[in-house]
**Q** 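Take a look at the following structure, please.
Position 1 is the first residue of the sequence; numbering continues from there.
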Amino acid sequence: MRLAVTGREGQVARSLVERAAAHAGIEVAAVGRPDLDLERPETIRKALEAARPDIVVSAAAYTAVDRAEDEPERAFAVNAAGAGHVAAAAAGLGVPVIHLSTDYVFDGEGENAHAETDPTGPQGVYGASKLAGEAAVAAANPRHLILRTAWVYSPFGANFVKTMLRLAGERDEISVVGDQWGNPTSALDIADAILHAAPALRAADDGVDGLYHLAGTGETSWHGFARHVMAASKARGGPHARVNAITSADYPTRAKRPRNSRLSCARFAATFGWSAPDWRRSTEETVARLVGR
């Protein structure tokens with residue numbers, strides 16, 4: 001089985017390439033700019049056709065949450081129209097698509113984990129563009145998995161864990177928001193989930209297509225996440241700092257962040273028989289790689 005994943009340098013793309021190496025009979029081809037550019041729709045079909053995929057993983061996205069408030073046209077061109085073009089190209093090749101979405105499609109209210117059936121209500125341009133992308137993907141290719149995830153980190157690219165470790169090397173104290181809650185999710189775990197679900201999607205098993213939530217097991221605040229990163233790094237002789245809790249009001253951002261990013265992943269577990277590891281364990285594995293111990 002051969003997967004083509006959009007975006008060469010993205011966290012999920014790089015994680016898929018790494019994880020697939022341990023799976024006999026699975027290949028992953030990462031395709032990205034300039035060969036495949038979501039802002040240049042004419043490049044998409046040709047690049048995917050050249051990759052000869054059995055499944056397309058639509059992972060490339062516009063992820064600059066704050067900048068999206070000032071660049072709504074570009075965010076929608078990539079996350080909505082671009083995602084739809086990828087799904088349509090996959091349909092034209094006769095293969096399914098697995099599309100990555102986000103918790104930002106919700107309004108971030110309530111105290112319970114969001115289910116796939118909960119009403120959406122994005123509070124910013126980024127979330128709205130990703131929600132539009134979900135609709136575009138579903139309309140363009142009936143053979144699809146749409147996977148909403150949250151708080152993604154990995155040994156690759158720019159992410160919260162790497163930022164915390166960098167700051168710990170520069171200062172003794174760090175202030176982190178403590179009133180936003182969610183499920184830290186390793187991109188390596190996302191890759192494992194995709195590789196686990198892909199055979200059923202390729203086989204067109206009844207009831208498999210559709211919308212799912214996919215996130216790390218367990219919940220915490222950004223403050224709790226940061227404290228665990230520091231503890232894991234300190235235990236391995238890496239940089240660490242004291243982490244102070246602040247409120248969202250103390251750290252204003254251009255785009256509003258969800259207060260509640262919790263996602264219920266029960267549907268994915270029931271359908272595919274796979275659940276992500278506890279977020280603490282996956283965080284420790286990433287920290288160990290980043291500090292070299």
**Q** Check for me, please, whether Val12 and Tyr212 land in the same ILVMFWY cluster - side-chain distances under 4.5 Å, paths through other members count.
**A** yes
**Q** Keeping the roles fixed (side chain from Asp66, backbone from Arg254), state whether a donor-acceptor pair exists under 3.5 Å.
**A** yes
**Q** For Asn183 and Ala215, indicate whether the former's side chain and the latter's backbone hold a donor-acceptor pair under 3.5 Å.
**A** no
**Q** Run the side-chain contact (heavy atoms from CB on, under 4.5 Å) test on Leu16 and Val57 for me, step by step, so that the C-alpha distance in whole Å, both residues' side-chain angles and the decisive distance to 0.1 Å come before the verdict.
**A** CA-CA 10 Å; Leu16 268 173; Val57 180; 4.0 Å; yes
**Q** Could you tell me whether a side-chain N or O of Asp70 sits under 3.5 Å from a main-chain N or O of Arg67, the two making a donor and an acceptor?
**A**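 Such a contact is absent between Asp70 side chain and Arg67 backbone.
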**Q** Give a yes or no answer on whether the side chain of Thr149 reaches the backbone of Leu214 with a donor-acceptor pair at less than 3.5 Å.
**A**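 Indeed, once roles are kept as given, a pair shorter than 3.5 Å links the two residues.
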**Q** How about Met1 and Glu27: do any of their side-chain heavy atoms sit closer than 4.5 Å?
**A** no
**Q** Does any pair with a residue in residues 129-154 pass salt bridge (Lys or Arg N to Asp or Glu O under 4.0 Å), and if so which ones, sequence neighbours excluded?
**A** Glu134-Arg148
**Q** Do the side-chain N and O atoms of Glu284 and His228 include a donor-acceptor pair separated by under 3.5 angstrom?
**A** yes
**Q** Between CG of Leu195 and NE2 of His23, what distance do you get to the nearest 0.5 Å?
**A**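 Reported value, rounded in 0.5 Å steps: 5.0 Å.
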**Q** Mind running side-chain contact (heavy atoms from CB on, under 4.5 Å) on Leu165 and Leu290 for me, showing each step along the way?
**A** CA-CA 9 Å; Leu165 292 176; Leu290 290 171; 3.8 Å; yes
**Q** Could you walk me through whether Leu93 and Leu48 satisfy the side-chain contact (heavy atoms from CB on, under 4.5 Å) test, starting with their C-alpha distance in whole Å, then the side-chain angles of each, then the deciding distance to 0.1 Å, before giving a yes or no?
**A** CA-CA 9 Å; Leu93 296 173; Leu48 291 178; 4.1 Å; yes
**Q** Any chain of hydrophobic side-chain contacts (each under 4.5 Å) joining Phe268 to Leu211?
**A** no
**Q** State plainly whether one hydrophobic cluster holds both Val208 and Leu3, where clusters connect Ile, Leu, Val, Met, Phe, Trp and Tyr through side-chain heavy atoms under 4.5 angstrom apart.
**A** yes
**Q** Is it true that Glu111 and Arg259 make a salt bridge, defined as a side-chain N closer than 4.0 Å to a carboxylate O?
**A**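 Answer for the salt bridge query: yes.
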**Q** Using modelled atom types and a 3.5 Å cut-off, is there a donor and acceptor pairing between side-chain atoms of His144 and backbone atoms of His99?
**A** no
**Q** So Arg257 and Val65, do their side chains get closer than 4.5 Å, heavy atoms only?
**A** yes
**Q** For Thr217 and Ala276, indicate whether the former's side chain and the latter's backbone hold a donor-acceptor pair under 3.5 Å.
**A** yes
**Q** I need the Ser58 OG to Leu145 CG distance, nearest 0.5 Å.
**A**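 Rounded to the nearest 0.5 Å, the OG-CG separation comes to 12.0 Å.
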**Q** Is the shortest side-chain N to carboxylate O distance from Arg19 to Asp192 below 4.0 Å?
**A** yes
**Q** Which pairs pass salt bridge (Lys or Arg N to Asp or Glu O under 4.0 Å) with one or both residues in residues 261-274, sequence neighbours excluded?
**A** Glu219-Arg262
**Q** Would you check if there is a donor-acceptor pair between the side chains of Tyr153 and Thr283 at a distance under 3.5 Å?
**A** yes
**Q** Looking at Arg289 and Glu18, is any side-chain nitrogen of the basic one under 4.0 Å from a carboxylate oxygen of the acidic one?
**A** yes
**Q** Is it true that Glu109 and Asn260 share a donor-acceptor pair across their side chains at a distance under 3.5 Å?
**A** no
**Q** What about Leu100 and Val28, same hydrophobic cluster or not, with Ile/Leu/Val/Met/Phe/Trp/Tyr joined at side-chain heavy-atom distances under 4.5 Å?
**A** yes
**Q** Could you check whether any side-chain N or O of Gln11 sits under 3.5 Å from a backbone N or O of Ser154, counting only pairs where one atom can act as donor and the other as acceptor?
**A**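 Side chain of Gln11 to backbone of Ser154, a donor-acceptor pair under 3.5 Å: yes, one is there.
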**Q** If you measure from the Lys or Arg side-chain nitrogens to the Asp or Glu carboxylate oxygens, is any gap between Arg8 and Asp35 under 4.0 Å?
**A**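 Looking at Arg8 and Asp35, the cut-off is met.
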**Q** Tell me, do Ile98 and Leu147 make a side-chain contact under 4.5 Å, heavy atoms counted?
**A** yes
**Q** Do Ser282 and Asp189 meet the criterion of a side-chain donor-acceptor pair at a distance under 3.5 Å?
**A**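 Checked: Ser282/Asp189 side chains pair up, N/O donor to acceptor below 3.5 Å.
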**Q** What's the shortest heavy-atom distance between Pro53 and Ala4, and which atoms?
**A**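 Closest heavy-atom pair between Pro53 and Ala4: CB-CB, 3.6 Å.
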**Q** Any side-chain heavy atom of Val86 within less than 4.5 Å of one from Val56?
**A** yes
**Q** Spell out, as yes or no, whether a donor-acceptor pair under 3.5 Å connects the side chain of Ser233 to the backbone of Met230.
**A**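 Here the side-chain-to-backbone pair does not exist.
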**Q** Please confirm whether Phe225 and Phe160 have ring centers closer than 6.0 angstrom.
**A**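 Between Phe225 and Phe160, the centre distance is under 6.0 Å.
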**Q** Does atom NZ of Lys162 have more than 12 heavy-atom neighbours from other groups under 6.0 Å away?
**A** yes
**Q** Between atom CD1 of Ile174 and atom CZ of Arg242, what is the distance when rounded to the nearest 0.5 Å?
**A**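 Ile174 atom CD1 to Arg242 atom CZ measures 12.0 Å (nearest 0.5 Å).
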**Q** Would you call Met164 and Val161 a side-chain contact if the rule is heavy atoms closer than 4.5 Å?
**A**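 Met164 vs Val161: side chains apart.
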**Q** Looking only at heavy atoms, what is the nearest atom pair of Leu36 and Ile44, with distance?
**A**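 That closest heavy-atom pairing would be CD1-O, 4.1 Å.
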**Q** Are the side chain of Arg45 and the backbone N or O of Thr43 linked by a donor-acceptor pair below 3.5 Å?
**A** no
**Q** How long is the span from the CG atom in Leu263 to the OG atom in Ser261, to the nearest 0.5 Å?
**A**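 Atom-to-atom, Leu263:CG and Ser261:OG are 7.0 Å apart.
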**Q** Before we go on, tell me: are the rings of His196 and Phe272 under 6.0 Å apart, centre to centre?
**A** no
**Q** Less than 4.5 Å apart, side chain to side chain, heavy atoms only: is that true for Leu38 and His85?
**A**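 Leu38 does not reach His85 side chain to side chain.
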**Q** Over all heavy atoms of both residues, which pair between Val97 and Ala90 is shortest? Give the atoms and the distance, please.
**A** CB-CB, 4.2 Å
**Q** Rounded at 0.5 Å granularity, tell me how far CG in Leu131 sits from OG1 in Thr120.
**A** 4.5 Å
**Q** Do Ser186 and Ile190 have side-chain heavy atoms sitting under 4.5 Å apart?
**A**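 Ser186 vs Ile190: side chains apart.
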**Q** State, without any angle test, whether Ser221 and Gln180 hold a side-chain donor-acceptor pair at a distance under 3.5 Å.
**A** no
**Q** Measure from the side-chain N and O atoms of Asn159 to the backbone N and O of Phe156, and report whether any donor-acceptor pair falls under 3.5 Å.
**A** yes
**Q** Looking only at non-hydrogen atoms, find the nearest pair between Ala91 and Asn141 and report the distance.
**A** N-ND2, 3.3 Å
**Q** Could you check whether Trp181 and Trp222 have their ring centres less than 6.0 Å apart?
**A** no
**Q** Starting from the C-alpha separation in whole Å, work towards a yes-or-no answer on salt bridge (charged side-chain N to carboxylate O under 4.0 Å, His left out) for Arg202 and Asp54.
**A** CA-CA 7 Å; Arg202 185 188 181 196; Asp54 297 301; 3.5 Å; yes
**Q** Please report the interatomic distance CD(Glu173) to CZ(Arg171), rounded to the nearest 0.5 Å.
**A**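 Interatomic distance, Glu173 CD to Arg171 CZ, rounded to 0.5 Å: 10.5 Å.
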**Q** Contact between Val177 and His223 at the side-chain level, heavy atoms closer than 4.5 Å - yes or no?
**A** no
**Q** With no hydrogens and no angle check, just 3.5 Å: does a side-chain donor-acceptor pair link Glu71 and Tyr62?
**A** yes
**Q** Give a yes or no on whether Ile26 and Leu188 share a hydrophobic cluster (residues Ile, Leu, Val, Met, Phe, Trp, Tyr; joining criterion: side-chain heavy atoms under 4.5 Å apart).
**A**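 Ile26 and Leu188: separate clusters.
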**Q** Nearest heavy-atom pair of Ala87 and Ala140: which atoms, and what distance?
**A** CB-CB, 3.9 Å
**Q** Quick one: closest heavy-atom pair of Val5 and Ala59, and the distance?
**A**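 Answer, listing the atom of Val5 first, then Ala59: CG2-CB, 3.8 Å.
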